[in-house]
Enquirer: 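Dropping the structure in here first, questions after.
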Amino acid sequence: PRLGYSSGDPYGAAPRGAVYASAQPSRVVGGGVVGGKGRQEDAKRQRGQAGKGGGKGAAAAVQFISLPADAPFVVGGLPEVGPIVQHSSEGSVQNVLWATGSIMEAIGITEEAIVFTDDADWSLHPEIGEAVKQATGNEVSTTIAECAEAGVWAVGCGGKKKQRENAARLALCVALAANMEDMTELATTQPEFVVMCEAAGVATGVDVRKLAQRQQQQQKPAKGGGKGGGKHDGGKPATHRDTPLWVNIAAGEEAIPEVLEALPPETVAMSSDGGRRPLYSKVDAALKYFVGEDIGETVEYFDDPQRKDFPAVASAVKAVTHRDEGVTVAVCSTPPTWAVGVGNKARARKDAARAALAGALALQHLELGQEIDYTEFPVLEKFVQEAQAARDAAAQ
């Protein structure tokens with residue numbers, strides 16, 4: 001599929017049926033056709049359905065802006081319309097931000113192909129800052145993401161550099177996805193992202209109602225999940241589900257990832273299919289207790305659904321679960337700690353990684369002889385006890 005725009009016409013290589021509603025409310029782009037009331041009404045109806053399916057917060061986070069004809073990006077042959085994403089703590093937005101690595105892989109773009117330009121004070125690209133202000137009504141710091149090989153650009157907005165860059169990365173995914181000729185496969189692997197695109201005004205060509213229903217089903221706890229009663233391949237009980245595991249990446253032959261080299265090789269992991277929701281609801285409070293209020297600056301998540309970036313971690317997990325599943329690695333800089341979430345869905349992996357990290361931090365706390373006040377997150381105490389039991393069992 002064509003991912004770029006032609007230099008002569010910023011809309012020339014846009015996808016069939018793509019609708020940039022925020023920037024060009026009356027323009028339906030694709031195949032050289034401008035207008036088309038039926039297509040516009042269909043896109044409006046689809047966006048409404050996406051909103052009903054939980055895409056409202058996501059839609060608010062994504063908008064499209066237009067740059068003037070003399071803007072450097074436009075003069076250089078890039079399109080005058082591009083998406084912006086505002087960093088948000090709203091649940092549906094966070095879920096998609098967490099899965100950006102998986103989305104990039106599904107779209108077929110690498111991190112090396114992206115150039116980020118942080119422009120917090122608009123000194124480098126004031127025209128982008130002004131366009132963002134016009135769209136959002138606020139003066140916000142920006143980071144621009146550009147993919148030269150695809151001929152697209154996007155903007156991330158946020159109060160902190162890391163937040164802006166993550167938002168810019170997701171915005172670029174929106175730009176790239178909008179130029180895909182067929183989003184059916186992407187909708188299968190990244191339904192929340194596709195719902196976000198549709199809610200923001202990109203006509204994806206998929207039934208967002210079914211995607212929304214699938215999302216709601218995925219968000220429900222799996223039957224028996226909290227008790228480890230779920231099923232895995234072959235119909236055998238998945239006894240490792242939603243319980244803490246103890247893994248050791250030094251036990252295998254794979255090289256230890258650079259980001260984990262200075263950290264202990266053993267830690268807490270958890271495999272999840274969506275159970276144990278009461279624990280997940282209190283994880284943020286627990287993480288703030290251990291690392292401080294600024295979790296976003298202290299904790300970083302690395303999603304590896306295909307087990308290509310962290311093979312040592314995936315191997316250590318498989319040694320315990322006997323299954324090949326995607327992993328999300330959570331790394332805390334202060335205090336230095338890491339943990340692993342395991343599962344087939346990005347959201348489940350991230351939730352599990354957050355809980356596992358809280359457990360690992362609690363164990364570290366206890367090893368230092370420090371007491372833990374579980375008042376704000378009482379469900380974590382039982383989880384920590386289970387993690388201690390898993391660690392002791394692994395040592396035998």
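Residue indices begin at 1 and follow the sequence shown.
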Enquirer: State, with a plain yes or no, whether a side-chain heavy atom of Arg349 is found less than 4.5 Å away from one of Asp303.
Expert: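 In contact.
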Enquirer: Would you check if the side chain of Asp351 reaches a backbone N or O of Tyr280 as a donor-acceptor pair within less than 3.5 Å?
Expert: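 Checking the backbone N and O of Tyr280 against the side chain of Asp351, no donor-acceptor pair under 3.5 Å is found.
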Enquirer: In this structure, would Phe383 and Val291 fall into the same cluster of hydrophobic residues linked by side-chain contacts under 4.5 Å?
Expert: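 Linked within one cluster.
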Enquirer: On a heavy-atom basis, which atom in His87 and which in Gly158 lie closest, and how many Å separate them?
Expert: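 Looking at all heavy atoms of both residues, the shortest contact is CB-CA, 4.4 Å.
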Enquirer: Output the distance between atom OG1 (Thr267) and atom CG (Asn248), rounded to the nearest 0.5 Å.
Expert: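 Rounded to the nearest 0.5 Å, the OG1-CG separation comes to 10.5 Å.
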Enquirer: Quiz question: by atom type and distance under 3.5 Å, do the side chains of Thr136 and Asn138 form a donor-acceptor pair?
Expert: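 Distance-only check fails for Thr136 and Asn138.
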Enquirer: For a quick test of reading the model, state the closest non-hydrogen atom pair linking Ala339 to Ala360 and the distance between them.
Expert: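 Nearest heavy atoms, Ala339 then Ala360: CB-CB, 4.5 Å.
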Enquirer: Decide side-chain contact (heavy atoms from CB on, under 4.5 Å) for Thr142 and Trp122; before the verdict, give the C-alpha distance in whole Å, the side-chain angles of both, and the deciding distance to 0.1 Å.
Expert: CA-CA 7 Å; Thr142 62; Trp122 302 3; 4.3 Å; yes
Enquirer: Is there a side-chain contact between Leu380 and Tyr374, using heavy atoms and a 4.5 Å cut-off?
Expert: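 They are in side-chain contact.
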Enquirer: Is the number of heavy atoms from other residues, nucleotides or ligands within 6.0 Å of CD (Glu261) greater than 12?
Expert: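 Yes, the 6.0 Å shell around CD holds more than 12 heavy atoms from other groups.
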Enquirer: Could you check Asp294 against Lys160 for salt bridge (charged side-chain N to carboxylate O under 4.0 Å, His left out), going step by step and ending with a plain yes or no?
Expert: CA-CA 11 Å; Asp294 202 356; Lys160 299 175 181 178; 2.7 Å; yes
Enquirer: Could you check if a side-chain atom of Ile249 sits within less than 4.5 angstrom of a side-chain atom of Phe310, using non-hydrogen atoms only?
Expert: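 Contact flag for Ile249/Phe310 side chains = no.
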Enquirer: Looking only at non-hydrogen atoms, find the nearest pair between Cys147 and Leu172 and report the distance.
Expert: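 Heavy atoms of Cys147 and Leu172 come nearest at CB-CD2, 4.0 Å.
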Enquirer: Show the nearest heavy-atom pair for residues Met104 and Thr110, with the distance to one decimal.
Expert: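 Looking at all heavy atoms of both residues, the closest pair is CE-C, 3.8 Å.
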Enquirer: Of Val247, Ile256, Leu260, which meets side-chain contact (heavy atoms from CB on, under 4.5 Å) against Val313?
Expert: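 Of all the options given, the one that passes is Leu260.
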Enquirer: Would you say Val329 ends up clustered with Leu361 if hydrophobic residues are merged whenever their side chains have heavy atoms under 4.5 Å apart, either directly or through other cluster members?
Expert: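 Unlinked, Leu361 and Val329 end up in two clusters.
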Enquirer: Please report the C-alpha distance between Val155 and Ile128 in whole Å, then the side-chain angles of each, then the deciding distance to 0.1 Å, and finally whether the side-chain contact (heavy atoms from CB on, under 4.5 Å) criterion is met.
Expert: CA-CA 8 Å; Val155 182; Ile128 291 180; 3.7 Å; yes
Enquirer: Is there a side-chain contact (heavy atoms from CB on, under 4.5 Å) between Phe73 and Leu67 once you walk through the steps?
Expert: CA-CA 8 Å; Phe73 278 8; Leu67 300 181; 4.3 Å; yes
Enquirer: Please name the pair of heavy atoms, one in Ser272 and one in Ala352, separated by the smallest distance, quoted to 0.1 Å.
Expert: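 Nearest heavy atoms, Ser272 then Ala352: CB-CB, 3.8 Å.
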Enquirer: Going only through I, L, V, M, F, W and Y residues with side-chain contacts under 4.5 Å, is there a path from Leu363 to Val317?
Expert: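 Shared cluster, no.
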Enquirer: Taking the six-membered ring for Trp, are His365 and Phe290 parallel (under 30°), tilted (30 to 60°) or perpendicular (over 60°)?
Expert: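 Rings of His365 and Phe290: perpendicular, as their planes differ by over 60°.
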Enquirer: Would a 4.5 Å heavy-atom cut-off, applied to side chains only, mark Thr243 and Met270 as touching?
Expert: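 Not touching, per the 4.5 Å side-chain cut-off.
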Enquirer: Would a distance-only check, ignoring hydrogens and angles, find a side-chain to backbone donor-acceptor pair under 3.5 Å from Trp338 to Pro265?
Expert: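 Not a single qualifying donor-acceptor pair exists.
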Enquirer: Look at atom CD of Glu111 and say whether more than 12 heavy atoms of other residues, nucleotides or ligands are closer to it than 6.0 Å.
Expert: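 Counting neighbours around CD of Glu111, more than 12 heavy atoms of other residues, nucleotides or ligands fall under 6.0 Å, so yes.
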Enquirer: Examine distances only and state if a side-chain atom of Thr337 and a backbone atom of Pro335 form a donor-acceptor pair shorter than 3.5 Å.
Expert: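 Yes; judged by distance alone, with no hydrogens or angles, the pair exists.
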Enquirer: What do you reckon, is NZ of Lys382 surrounded by more than 12 foreign heavy atoms closer than 6.0 Å?
Expert: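 Result for NZ/Lys382: open.
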Enquirer: Would you call Leu263 and Val331 a side-chain contact if the rule is heavy atoms closer than 4.5 Å?
Expert: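 Sidechains of Val331 and Leu263: in contact.
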Enquirer: So for atom CD, which belongs to Glu258, do other residues, nucleotides or ligands contribute more than 12 heavy atoms lying within a distance under 6.0 Å?
Expert: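 No, because the 6.0 Å sphere around CD of Glu258 holds 12 heavy atoms or fewer from other groups.
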Enquirer: Using a distance-only test with no angle check, is there a side-chain donor-acceptor pair under 3.5 angstrom linking His125 and Glu127?
Expert: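 Side-chain D/A pair, His125 to Glu127: present.
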Enquirer: Got Asp118 and Glu165 here, is their nearest side-chain heavy-atom distance under 4.5 Å?
Expert: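 A side-chain contact is absent here, since even the closest heavy-atom pair is not under 4.5 Å.
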Enquirer: Does Lys282 reach the main-chain N or O of Val379 with its side chain, forming a donor-acceptor pair under 3.5 Å?
Expert: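 Not a single qualifying donor-acceptor pair exists.
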Enquirer: Between Ala171 and Pro83, which heavy-atom pair has the shortest distance, and what is it?
Expert: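 Heavy-atom minimum between the residues: O-CG, 3.2 Å.
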Enquirer: Ile295, Val340: one ILVMFWY side-chain cluster at the under-4.5 Å cut-off?
Expert: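 No; tracing contacts between hydrophobic side chains, which count when under 4.5 Å, never links both residues.
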Enquirer: Should the heavy atoms of other residues, nucleotides or ligands under 6.0 Å from CD of Glu376 be counted, would the total exceed 12?
Expert: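 12 or below, so no.
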Enquirer: I need the Lys161 NZ to Thr143 OG1 distance, nearest 0.5 Å.
Expert: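 Lys161 atom NZ to Thr143 atom OG1 measures 7.5 Å (nearest 0.5 Å).
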Enquirer: With clusters defined by side-chain heavy atoms of hydrophobic residues (ILVMFWY) lying less than 4.5 Å apart, directly or transitively, does Ile114 cluster with Leu170?
Expert: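 Looking at the clustering, Ile114 is in the same group as Leu170.
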Enquirer: Just how far is it from atom CG of Asp284 to atom CD of Glu293, taken to the nearest 0.5 Å?
Expert: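 CD of Glu293 is found 10.0 Å from CG of Asp284.
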Enquirer: With the side chain counted from C-beta on, respond yes when Phe116 and Arg164 share a heavy-atom pair under 4.5 Å apart, and no when they do not.
Expert: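 No, too far: nothing below the 4.5 Å cut-off.
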Enquirer: Rounded to the nearest 0.5 Å, how far apart are NZ of Lys133 and SG of Cys157?
Expert: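 It is 13.5 Å, given to the nearest 0.5 Å.
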Enquirer: Measure the spacing between SG of Cys173 and CD1 of Ile107 and express it to the nearest 0.5 Å.
Expert: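 Here the interatomic distance stands at 4.5 Å.
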Enquirer: Once rounded to the nearest 0.5 Å, what's the spacing between atom CD1 of Ile109 and atom CD1 of Ile103?
Expert: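 Reported to 0.5 Å precision, the distance equals 13.5 Å.
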Enquirer: Does one side chain, of Asp119 or Thr117, offer a donor that lies under 3.5 Å from an acceptor on the other?
Expert: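 Per modelled atom types, Asp119 and Thr117 side chains form no pair under 3.5 Å.
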Enquirer: Can a donor-acceptor pair be found, under 3.5 Å and without considering hydrogens, that links the side chain of Trp153 to the backbone of Glu80?
Expert: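 Flag not set: sc Trp153 to bb Glu80 has no pair under 3.5 Å.
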Enquirer: Does the side chain of Val152 come within less than 4.5 Å of Leu78's, by heavy atoms?
Expert: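 No, too far: nothing below the 4.5 Å cut-off.
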Enquirer: Would you say the side chains of Gln86 and Gln63 form a donor-acceptor pair under 3.5 Å?
Expert: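 Indeed, the side chains of Gln86 and Gln63 share at least one donor-acceptor pair under 3.5 Å.
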Enquirer: Does Glu367 CD have over 12 foreign heavy atoms under 6.0 Å away?
Expert: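 Result for CD/Glu367: enclosed.
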Enquirer: Say whether Glu198 and Thr204, considering side chains only, have a donor N or O and an acceptor N or O under 3.5 Å apart.
Expert: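 Yes, a side-chain donor-acceptor pair sits under 3.5 Å.
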Enquirer: With a 4.0 Å cut-off, would you call Lys345 and Glu192 a salt bridge?
Expert: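 Not counted as a salt bridge, because no side-chain N and carboxylate O are separated by less than 4.0 Å.
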Enquirer: Should Leu287 and Val283 be marked as a side-chain contact (heavy atoms from CB on, under 4.5 Å) after you check the CA-CA gap, both sets of side-chain angles, and the distance that decides it?
Expert: CA-CA 6 Å; Leu287 291 177; Val283 165; 3.7 Å; yes
